[in-house]
Amino acid sequence: MKHLLSAADLSRDDAILVLDTAAELAAVTDRSVKKLPTLRGRTVVNLFFEDSTRTRISFEVAAKRLSADVINFAAKGSSVSKGESLKDTALTLEAMGADAVVIRHGSSGAPHRLATAGWIGGSVVNAGDGTHEHPTQALLDAFTMRRHLRDGAGDLDGLRVAIVGDILHSRVARSNVLLLRTLGAHVTLVAPPTLMPYGVESWPCDVSYDIDRVLPGVDAVMMLRVQAERMHAAYFPSTLEYSRLYGLDARRMGLLPPHAIVMHPGPMNRGMEISADVADSSRAVMVEQVANGVSVRMAVLYLLLGGMKEEI
Ligand code: NCD
């Protein structure tokens, strides 16, 4: 495989190879010297047209731990703010010899365009495109679930996962539904009707509007941020009403089975989709999700750029 654009690009075997490779690479992260020579001399460009904290830093750390040269390109402060097109930006990166371009863009489909238009020769990794997909987030989430709920090996067969909140605007939800299904898990989406995507009936998952009925039957619950920046209309009456009906607070967390974990891709709106005490509780694995993101992104770059196995 040359690019990673969608979670649907991954077969079960591909996904398990990424997770297994990430597990091997995670061991490197525990050493005092965290660097491998695997991608020495290769260039990875982080091309971020949208704001990001975790994802951009995570890709940067991942590439650096594999000894790649990393160029961080933020649209703000670049010629993009002077009106330069994606094509001209891509041709510039190509002229600089990028072996991989990690792209986050506000338009759904931008990474696909970059990968297929013939502007660049390297690999393209989708780091979030509009409301479409975020495949490496789904991989790090699967990695985190596998560690906590499946002894860190194999697939996620039979695992039950609830994804709760602003599904309509969430690329994290779509990629997770696709990958979790590939790995054998069963997903229930929970949201107010206004934040459920059109055509969700055709997604490979169940749909519910009642979080209290879903929580007792799941192994993991993933809370999503209410993405106000993508909302150009009122989708719910008030913040208070949203958190009362769909937020995860201590009472609701008590409905989960004792082994279940609480996840969130970040950034969190504390007090909105998740209460501060739940976010800080021992069942919340957000910090681990971030750490696992580095291992998973190392695995993706390593596999796409053809690192040498024996160097791990
Ligand atoms: C998510 C994103 O940007 O899609 N965050 C992330 O990558 N960790 C979710 C969000 O912004 O709410």
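Computed from heavy atoms alone, side chains included, the values below leave out hydrogens, waters and symmetry copies. Numbering of ligands and ligand atoms starts at 1, following listing order.
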message: Does either side chain, that of His169 or that of Glu229, offer a donor lying less than 3.5 Å from an acceptor on the other one?
response: no
Residues Arg171 and Glu50 bridged, charged N to O under 4.0 Å: yes
- prompt: Going by the order shown, which atoms of ligand 1 are within less than 4.0 Å of some heavy atom of Val172?
  reply: 1 (C), 4 (O), 9 (C)
message: Check this for me: does any side-chain nitrogen of one of Asp69 and Arg42 sit under 4.0 Å from a carboxylate oxygen of the other?
response: no
- prompt: Which option out of Arg225, Gln137, Arg54 puts a heavy atom nearest to atom 11 (O) of ligand 1?
  reply: Arg225
task: Show which atoms of ligand 1 fall inside a sub-4.0 Å distance from at least one heavy-atom site of Pro267.
output: 10 (C), 11 (O)
- request: State the atoms of ligand 1, each with its element, that fall below the 4.0 Å cut-off from a heavy-atom position in Pro265.
  value: 8 (N)
query: With a cut-off of under 6.0 Å to the ring centre and 45° to the axis, is Arg297 in cation-pi contact with Phe59?
result: yes
- prompt: For ligand 1, does Leu224 get within less than 4.0 Å through its side chain, its backbone, both, or neither, judged by non-hydrogen atoms?
  reply: neither
- line: Of all protein heavy atoms, the one nearest atom 7 (O) of ligand 1 is His134 NE2, 2.8 Å
message: Side chains of Thr144 and Asn292 only: does a donor on one sit below 3.5 Å from an acceptor on the other?
response: yes
- request: Among all protein heavy atoms, pick the one closest to atom 5 (N) of ligand 1 and tell me residue, atom and distance.
  value: Gly266 O, 2.9 Å
Min heavy-atom dist Ser52 to ligand 1 below 4.0 Å: no
field: Side-chain heavy atoms of Glu60 within contact of Asn46, under 4.5 Å
entry: yes
- prompt: Less than 4.0 Å between a side-chain N and a carboxylate O, is that true for Asp20 and Arg146?
  reply: yes
- request: Classify the contact between Glu50 and ligand 1 as side chain, backbone, both or neither, using a heavy-atom distance cut-off of under 4.0 Å.
  value: neither
field: Presence of salt bridge, Arg251 and Asp212, under 4.0 angstrom
entry: yes
query: Relative to the heavy atoms of Arg104, which atoms of ligand 1 are at a distance of less than 4.0 Å?
result: 2 (C), 3 (O), 7 (O)
task: For Gly128 and ligand 1, answer yes if some heavy atom of the residue is under 4.0 Å from a ligand atom, otherwise no.
output: no
Nearest non-hydrogen protein atom, atom 4 (O) of ligand 1: Arg171 NE, 2.7 Å
